[in-house]
Structures are given as C-alpha cells and as structure tokens.
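Throughout, a chain's letter reflects where its sequence line sits, starting with A, and its residues are numbered from 1.
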2 protein chains.
Amino acid sequence: MLAIGTLARRTGTKVQTIRYYEEIGLMPEPGRSRGGQRRYASGDLDRLAFIRHARQLGFTLEAIRELLGLADNPERSCAEVDAIARRRLHEVEARLARLEALGTELRRMIGECRHDRVADCRVLEVLQDHAECLTDHDRPQA
Amino acid sequence: MLAIGTLARRTGTKVQTIRYYEEIGLMPEPGRSRGGQRRYASGDLDRLAFIRHARQLGFTLEAIRELLGLADNPERSCAEVDAIARRRLHEVEARLARLEALGTELRRMIGECRHDRVADCRVLEVLQDHAECLTDHDRPQA
DNA sequence: CTTGAACCTACAGTTGCTGGAGGTCCTATC
DNA sequence: GATAGGACCTCCAGCAACTGTAGGTTCAAG
C-alpha cells in the first residue's frame, strides 16, 4: 500500500493536488491506515499517471473525466475517445495560429522601437491604436 | 460624458470587467451622475482601449499596470517598456514551442488509432504510458 | 408620466490548483 | 518503550482574470 507522498513523488504531483482530485471525484477515495492516512493501491498510481499525462497534453479535467469514463467500457468503440483527442488537437492548432500572430505583432512592435523617450515609444503607440496592427489577435487566452 | 455601457460597446469589454478594472486600480474612479452612475471622459476610453489591446496581446494585468505607469513619464527612456514587450515575446515563443510539441504528439496519437474497441485504443494507451511519447511536453499551461 | 433598458452594489462561481495554520500519525533510532 | 521529526490530516483562503446573478435604482425616450 502506497502513502500519498509516494504517489506524489512517482507522478510528479503535489500531495494537495491528489487530494483535490479526490475531492472532485477524479481519484477514488482510497483506503485508510488505522490512523486515518490514505493508502493507495497500484491501480490508483496508474490512474493518477494517466490524469497527469493527459493534463500535460492540455486536456481539461472535464475531458479527462470523460476519457476515464470511456476507458471503463473496453468493448465499446473508441470513436468518442478519438473525438475528444481531435477536439483537443483543434484547440491546440487554433491556439498555435493565434500565438503565431501575436509573436509576429510583438516582434514588429519591438523591432520598430528606437529605444529613446517613452513619448515616442512605438510599443506604446501600437498598444494605443489597434488600427496599427496587421494581424488578427483576438482573445489569445495565453 | 460616456456611460459605462458605451465604453463597453466601444472597446468590446463587458461592463463588469470595466468595474473590475476600477476595483483593482487599473481604471480610475470616474465621476458620477446625480443618480450615482459612472460617467467617463474620452481619456478613459483611450486607457481602456490600451488595456484591452494589451490583453489581446496576452500581457498580464500586472504588466499592463507597469506599462501604464511607464507611459506616465514621457521623458524617460523606453527601455523598460521594451523589456516588458520582449519578455512577453519570449513567453509567446516558449509557449509556441510547447504547443507545437503537443500538437505533434496529439496528431501521432490520433493517427495511430484504428478506431475500434476502447480496449485497444492507442490514444488511451499513450495517455497511460508516458514512455510512448517522443516529444517533451511538460506543463503546457494551455 | 410611464416604461423598460441600463445602471448600481455585493457577492458567488469559474479552472486547476497552491499554500498555510494548527494538529495528528508513523516509523526509525536509542 | 520513549522520542524525534518527517509525513500526514482537515479546513480554509487565495491566485488570475474575469463572469454571472440577485435585488434594487436611475435614465431617457415617447
């Protein structure tokens, strides 16, 4: 039986985060020692590793909850799993496009700055006037 | 004198967000009508437009607070403004690199899926085992 | 003068954790 | 068997940057 700190170390998760996952029902309520400390089985370790890995790939906790739910029905088609992953890919691609536009705009802004008085700063001028922007960069979310 | 809703419409900001900016000291406390409603001058509109534009470029409210403070000293060097913008550019570039790795991983994962039973789903397998990943994708933050 | 859209305050909720306070348990060593 | 100190416990507050709601007031057009 594994203590919570062991799970934390093995998955690179903070102890509080594991308790948080339990609170929101992503991790099961584990057994307890006589003194009331959490004791995990190795299946719990796998589940946590899955969650963490999916988080690293940017899946939301809601998406992960769905994925875990789907994984419980091994005989069903994995079309839904696929759909969730594709949705995530589309998000990533959309975000990439936006971030690229942002990067372009920032580089241009910085490149035009002659580094003298604030009064003449191109960076501030561009920020003041959206019309000076060449690219679309609505709602970057990052 | 402009009502809060007018500012909101002209800058694409929610009314509550403007009140929030006031609460945290990013927007000034405006004058009030006899009945107690906020009344803005056109300078306030410019300030809000600046804030929104910087937000669209992904600057944090703290960075924007700094930029606004710097803009108040027009005779000083704009080196700090430059530094803030460069910092933001580096963030964007780092995030781009991470997102590209994520996209690659997701595409590979999805590409390998044969779309049959959940039990054999490559997407779930990859999520279960980080060792199957080719790319680094720690902490995507998006 | 009436109506209804826009405004007001105050506060709760969102996502995904993180940190702290104040106290208890576990286990290795003596 | 006692003790020390790390790991654990619960509960709660806070982060960013808003968004939404409830319950009430004001403004301006007709």
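There is no side-chain donor-acceptor pair under 3.5 Å between Y21(A) and R47(A).
One can place CG of L26(A) at 12 Å from C1' of dC17(C), the figure rounded to the nearest angstrom. In this entry the distance linking CZ of R34(A) with P of dT24(C) reads 19 Å, nearest Å. If you measure from atom OH of Y40(B) to atom C1' of dA6(C), you get 14 Å, rounded to the nearest angstrom. Atom-to-atom, CD of E22(B) to C1' of dT19(D) comes out at 17 Å; the value is rounded to the nearest Å. In this structure, R10(B) atom CZ and dA6(C) atom P are separated by 15 Å, rounded to whole Å. Distance I18(A) CD1 to dC17(C) C1': 13 Å, rounded to the nearest Å.
With hydrogens and angles ignored, the 3.5 Å screen pairs a side-chain donor or acceptor of T11(B) with a backbone N or O of L7(B). Judged by distance alone, the side chain of H90(B) and the main-chain N or O of A85(B) form no donor-acceptor pair under 3.5 Å. No donor-acceptor pair closer than 3.5 Å links the side chain of T17(A) to the backbone N or O of T13(A).
For the helix from dC1(C)-dG30(D) to dC30(C)-dG1(D), the terminal axes (five pairs an end, C1' atoms, rotation from four pairs onto the next four) enclose an angle of 10°, given to 10 degrees.
A salt bridge is defined here as a Lys NZ or Arg NE, NH1 or NH2 lying under 4.0 Å from an Asp or Glu carboxylate O, and E125(A) with R122(A) meets this definition. In summary, E29(B) and R38(B) do not engage in a salt bridge, as defined by a charged side-chain N under 4.0 Å from a carboxylate O. Taking a cutoff of 4.0 Å between a charged side-chain nitrogen and a carboxylate oxygen, D120(A) and R117(A) qualify as a salt bridge.
A sub-4.0 Å separation between OP1 or OP2 of dC7(C) and a side-chain N or O of S33(B) is absent.
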Annotated protein contacts, base or backbone, on nucleotides 8-18 of chain D with a non-hydrogen cut-off under 4.0 Å, one of B, S, - each: SSB------BB
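Here the options are R95(B), R88(B), R87(B), the test is side chain to side chain donor-acceptor pair (under 3.5 Å), and the partner is E91(B); only R88(B) passes.
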